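Encoded as structure tokens, the structure appears first; notes follow it.
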Amino acid sequence: MEHESSHFIREIIRADIAAGKHKQVTTRFPPEPNGYLHIGHAKAICVDFGMATEFNGQCHLRFDDTNPAKEDIEYENAIAHDIQWLGFDWQGNLFHASDYFERLYLYAEALIAKGLAFVCDLTDAEIRVGRGTVTEAGNHSPYRDRTVDENLNLFRKMRDGAFDEGHCVLRAKIDMSSVNMKMRDPLLYRIRKVVHHRTGDTWQIYPFYDFAHCLSDSIEGITHSFCSLEFDNNRELYNWILDNLDVPKPQPRQYEFARLKLGYTVMSKRRLLQLVESGRVSGWDDPRMPTLAGLRRRGVRPEAIRAFIERVGVSKADSLVDIALLEHAIRTDLNHEAKRVMAVVHPLRVIVESWHEEKVDTIDADYWPHDVPKEGTRKVSFTRELYIERDDFSLDPPKKFRRLAIGREVRLRYGYWIKCVDVDKDESGNVVAIRCTHDPSTRAGHDPVDGRTVKGTIHWVSAKTAVPARFAVYDRLFSIERPDGSDFVQQLNPDSLTLHHGFVEASVADDDADTRYQFERQGYYWRDSESTPEALKFNRIVPLKDSWARSQSTAPVLPARTKKEVPQQNSARVLDPVHQAATDKLVADLGISLGDAVVLAEDIELQNYFHAVCVRHNDNTRSARWVVNELGRFRDGQPLSNLPFDVVDFAGLLDLLGDDTLNPRLAKQVLEIMAKDGGGAFEIAEANGWKQIKDTGALQGIIQGVIDANTEKAAGVKENPRLIGFFAGQVMKATGGKAPGKVVKEILSAKLLG
RNA sequence: UGACCCCUGGUCGAAUUGGCAAGACGUCGGAUUCUGAUUCCGAAAGUUCUAGGUUCGAGUCCUAGGGGGUCAACCA
């Protein structure tokens, strides 16, 4: 792997290792064995396994089998197979959440014992209603105050099967008025009298995801637990459970990233299942499906999928990846892997009238183009009757058409030049065969001696020796980029699969069944799993790029450049009378800016702090600016009094700014330390040697040094004034941030702009 | 409508943590080519969602607004 650009997850791990938080990185991939893996999962797999590998750790495969009603051993085998196929190895670390059912149960009892969980007899409907809405708090369950003993007793009876399904559940006792719905006394265990595919009928109760997942992570010593964005709200519960139980430290941490979405397909298990069950596709491994099984049957190699995932990157932005990127990754992978042969998918008969009926010319043809460093040839047979692609002949050739037409001449790849002299038509006027003559001096790539040229080279097969074959030509599953809604099946591309009967050159008969080819000028293909030596069937993996077809296409390739026209309301802020009055008073009494005053008027805690600062620092404007712009961000939801420094320290910092001991940049660095460790501004500045440079002569020297070290850039400043920023940055770096910015800029401007 | 997450060329995404707006895909040219492929070269494409503020300097910090997503399953 060459240099790969970093992403936030890699940065998190790097930082944790640098901080000595973990000795070894352990991740996990936790599929629920209730469906097939698709290319979206491939992203998760590449992150989970990829990060572990990159940091010399390990990644566990853990089946999240907490819902026996939906899960199955067959899915487990398919999933394990797909992961291995993709090229990853769990190195013996194959686990099941069900391995931990006993320990999980004990953890649940521990939670009950701490008074943090209770058995609730409400029905599912009552629980739903009691949970409230996103804007209204929920109600306490009437069973919330059962005693620990009562709960323990009930929970044990649940386990023993004393109650019917749905009779009661175990819930955490957290906060029914939390803004996070996940924290409103979430369910931990339910009764399920179903046979589990691994534990059989030993359990009558099963833990929910939120309870099982974090604890399974903890039990396995997972350090970094990656999941997709929609579990963001679950993280608070993940941490709550671990925080309230006696689990080993450090606890695993959950991080979320955006799942992969691809254009012209669907990715949800539900929709994929619907396609399979309705017979719109032939199964989970239909080559049009985004499943790993489908891609594999299509002929895509795991290398291509991994390269694609690497290109896509990892971030938290919900985005839709262009399917052209996948197609590009597949082509790039296959370009050096697929040997070139010739096949005719839409045959048109050619009769070479100048060629003797019985004559067969056997020609060596390279398997690889000049820029693929591989060797090898096969024999192709030139005979009187051939097939070419229907598209390579035109009765009425459009402009720039470089192929065959009546009276025109083309090169047959590895064969001879032929010239069309006539066509045979059927009674309805369709061309059924074309009649040509050949030039004997042009065999196998030779040019004729008379200096004639030809514009096109087309592929062909011998009618005498070629083998009949079926070609399954796949296209995008959906005809629109974002299929959506309940009627998404209406948006299926009717031409996502077309079957054609054609011919392939005889040489392929000797190849292994898993050989991948480039059928020249058409695309990458390989044998379908249904293919037999007697009845060959090839799947098109991906077409070649075809700039001719694009130029002939009537459909616009790009949606005409659309600017996102978002109506913006730029109305000035309207404050209610109370805040308006407070704002006016702040401006009038203290002379601070209107913007700062508005913020302070609306944030009474900040305003009080500001007044306290004003008592100790003599510049009200500076006080307001720093309270508003710099102080707020350190609050992090906590009251200001929780900060490790007080108003006196803060005012002291402003004093250092006021007497030019510090420039704003240094002052921010000081504040950063104050917020982290507390302490006085003066002491911190002193300890670090942070003091603004006041010696202009010394400054001049440093600046000149920076300019001399970047002469070519210095020359470019006049064209690109932003480069001044670069130089200022360099000076700041050279001085450890201690240069006075304003002065630096003045000197730079004088020196560089003349 | 509450909380949380997110917003950088058509698409996906970097930005040394406040200092020259990377790269890839796609598009459009050109060269090479026995594949209208590949390869190579080049170009276009950005008011970094908007407005205001802080700063010598803002994609990055502050305030407000806009847009998108997630959450109210005895699913995961």
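Computed from a predicted model, the values in this text were never measured in an experiment. Lettering follows sequence order; numbering is per chain, from 1.
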Scan A/V169 against the nucleic acid and name what it touches under 4.0 Å (heavy atoms): base, sugar-phosphate only, or nothing. base
Separation of A/E672 atom CD from B/C61 atom C1', in whole Å? 10 Å
Between A/H579 and A/D576, do the side chains contain an N or O donor and an N or O acceptor separated by less than 3.5 Å? yes
Identified pairing partner of B/U39, criterion: Watson-Crick or G-U wobble below 3.5 Å: B/A31
Who is the Watson-Crick or G-U wobble partner of B/U63, with both distances under 3.5 Å? B/A51
What residues, two or more places apart in sequence or in another chain, satisfy ring-ring contact (aromatic ring centres under 6.0 Å, His included) together with A/F257? none
A/R622 with A/D596: basic N within carboxylate O range, under 4.0 Å: no
Which part of the nucleic acid, if any, lies within contact of A/L723, taking any heavy atom under 4.0 Å across all strands shown: a base, the sugar-phosphate backbone alone, or nothing? base
Check every strand shown and say whether A/G632 touches a base, only sugar-phosphate, or nothing at a heavy-atom separation below 4.0 Å. nothing
Starting at CD of A/E256 and ending at P of B/G69, how long is that distance when rounded to a whole Å? 19 Å
Qualifying residues under side-chain hydrogen bond (donor to acceptor under 3.5 Å, both in side chains), relative to A/D217, sequence neighbours excluded: A/R62, A/S225, A/Y238
Partners of A/Y517 by side-chain hydrogen bond (donor to acceptor under 3.5 Å, both in side chains), sequence neighbours excluded? A/D511, A/R527
Taking the C1' atom of each, how far is B/C28 from B/G66, in whole Å? 34 Å
Partners meeting side chain to side chain contact (heavy atoms under 4.5 Å, CB included) with A/K751 (sequence neighbours left out): A/Q700, A/I703, A/Q704, A/I707, A/I747
Ion pair A/E236/A/K182, N-O distance below 4.0 Å: no
Does A/V314 reach a base, just sugar-phosphate, or nothing at all? Heavy atoms under 4.0 Å. sugar-phosphate
Per A/N629 side chain, nearest of listed nucleotides B/U54, B/C56, B/A73: B/U54
Ranking B/C74, B/A72, B/G26 by distance to the side chain of A/R192, first place goes to B/C74
Would you mind classifying the nucleic acid contact of A/V134 as base, sugar-phosphate or nothing, using non-hydrogen atoms under 4.0 angstrom? base
How many whole angstroms separate atom CD1 of A/I592 from atom C1' of B/U63? 13 Å
A/V628 side chain, from C-beta outward: closest of B/A14, B/C62, B/U1: B/C62
A/K269 NZ: over 12 foreign heavy atoms closer than 6.0 Å: yes
Which one, B/A72, B/U70, B/G68, comes nearest to the side chain of A/T133? B/A72
Which atoms of nucleotides 3-5 of chain B (N or O only) lie under 3.5 Å from a protein N or O atom, and what are those distances?
{"residue": "B/C4", "atom": "O2'", "partner": "A/D232", "partner atom": "OD2", "Å": "3.1"}
{"residue": "B/C5", "atom": "O4'", "partner": "A/D232", "partner atom": "OD2", "Å": "2.9"}

Strictly below 4.0 Å: does A/R62 bring a side-chain N or O up to OP1 or OP2 of B/A76? no
Protein-nucleotides 15-18 of chain B N/O pairs closer than 3.5 Å?
{"residue": "B/G18", "atom": "O6", "partner": "A/K668", "partner atom": "NZ", "Å": "2.7"}

Going by the rule side-chain hydrogen bond (donor to acceptor under 3.5 Å, both in side chains), which residues pair with A/Q204 if we only count those two or more places apart in sequence or in a different chain? none
Sequence neighbours left out, what passes ring-ring contact (aromatic ring centres under 6.0 Å, His included) with A/F231? Give chain and number order. A/Y209
Roughly, in whole Å, what's the span from CG in A/D484 to P in B/G68? 14 Å
Counting only Watson-Crick pairs (N1-N3 plus N6-O4 or O6-N4) and G-U wobbles (N1-O2, O6-N3), all under 3.5 Å, who is the partner of B/A72? none
Side-chain N or O of A/R259 less than 4.0 angstrom from OP1 or OP2 on B/C6? no
Mind checking A/R131 for me? I need base, sugar-phosphate or nothing, with any heavy atom below 4.0 Å counting as a touch. sugar-phosphate
Just the rounded figure in Å: distance from P of B/C61 to CG of A/L671. 15 Å
Classify the nucleic acid contact of A/N67 as base, sugar-phosphate or nothing, counting any heavy atom under 4.0 Å across all strands shown. sugar-phosphate
What does A/A444 touch in the nucleic acid at a heavy-atom separation under 4.0 angstrom: a base, only the sugar-phosphate, or nothing? base
What nucleic acid atoms does A/N234 come within less than 4.0 Å of, heavy atoms only: base, sugar-phosphate, or nothing? base
Side chains of A/I127 and A/V169 in contact at under 4.5 Å (non-hydrogen atoms): yes
Do the side-chain N or O atoms of A/R625 get closer than 4.0 angstrom to the phosphate oxygens (OP1, OP2) of B/U55? yes
Just confirming the chi classification of B/U17, syn or anti, using 90° around 0 as the syn window. syn
Considering just the side-chain nitrogens and oxygens of A/R550, establish if one lies under 4.0 Å of OP1 or OP2 belonging to B/C28. yes
How many whole angstroms separate atom CZ of A/R128 from atom P of B/A72? 11 Å
Which residues share a side-chain hydrogen bond (donor to acceptor under 3.5 Å, both in side chains) with A/Q518, sequence neighbours left out: A/Y524
In the 5'-to-3' direction, what one-character label does each nucleotide of nucleotides 35-42 of chain B receive under the scheme B = base within less than 4.0 Å of a protein heavy atom, S = sugar-phosphate only, - = no such atom? BBSBS---
Closest of B/U63, B/C56, B/C74 to the A/V599 side chain is B/U63
Rounding to an integer number of Å, can you tell me how far A/L237 CG sits from B/A76 P? 13 Å
For A/S319 and B/G13, is the shortest distance between a side-chain N/O and OP1 or OP2 below 4.0 Å? yes
Assign A/T66 to base, sugar-phosphate, or nothing according to its heavy-atom contacts below 4.0 angstrom with the strands shown. sugar-phosphate
Mind checking who B/C12 pairs with, Watson-Crick or G-U wobble, both distances under 3.5 Å? B/G23
At under 4.0 Å between heavy atoms, what does A/G445 touch on the DNA or RNA strands: base, sugar-phosphate, or nothing? base
Within the 4.0 Å heavy-atom criterion, would you say A/F208 contacts the bases, only the backbone, or no part of the nucleic acid? sugar-phosphate
Look at A/E389 together with A/R521 and state whether they make a salt bridge at an N to O cut-off of under 4.0 Å. no
State whether A/D391 and A/R403 are salt-bridged, where the test is any N-O pair (Lys NZ or Arg NE/NH1/NH2 against Asp/Glu carboxylate O) under 4.0 Å. no
Which part of the nucleic acid, if any, lies within reach of A/Y414 when heavy atoms closer than 4.0 Å are counted: base, sugar-phosphate only, or nothing? base
Check side chain to side chain contact (heavy atoms under 4.5 Å, CB included) between A/R665 and all other residues, then give those that pass, not counting sequence neighbours. A/N663, A/Q669, A/M732
Please state how far atom CG in A/L748 lies from atom C1' in B/G19, giving the value in whole angstrom units. 12 Å
Keeping to residues at least two apart or across chains, list the salt bridge (charged side-chain N to carboxylate O under 4.0 Å, His left out) pairs with something in residues 117-130 of chain A. A/D121-A/R146
Base, sugar-phosphate alone, or nothing: which one does A/L122 contact when heavy atoms must sit under 4.0 Å apart? base
By nearest-nucleotide position on RNA chain B, the 5'-leaning member of A/K261 and A/E481 is A/E481
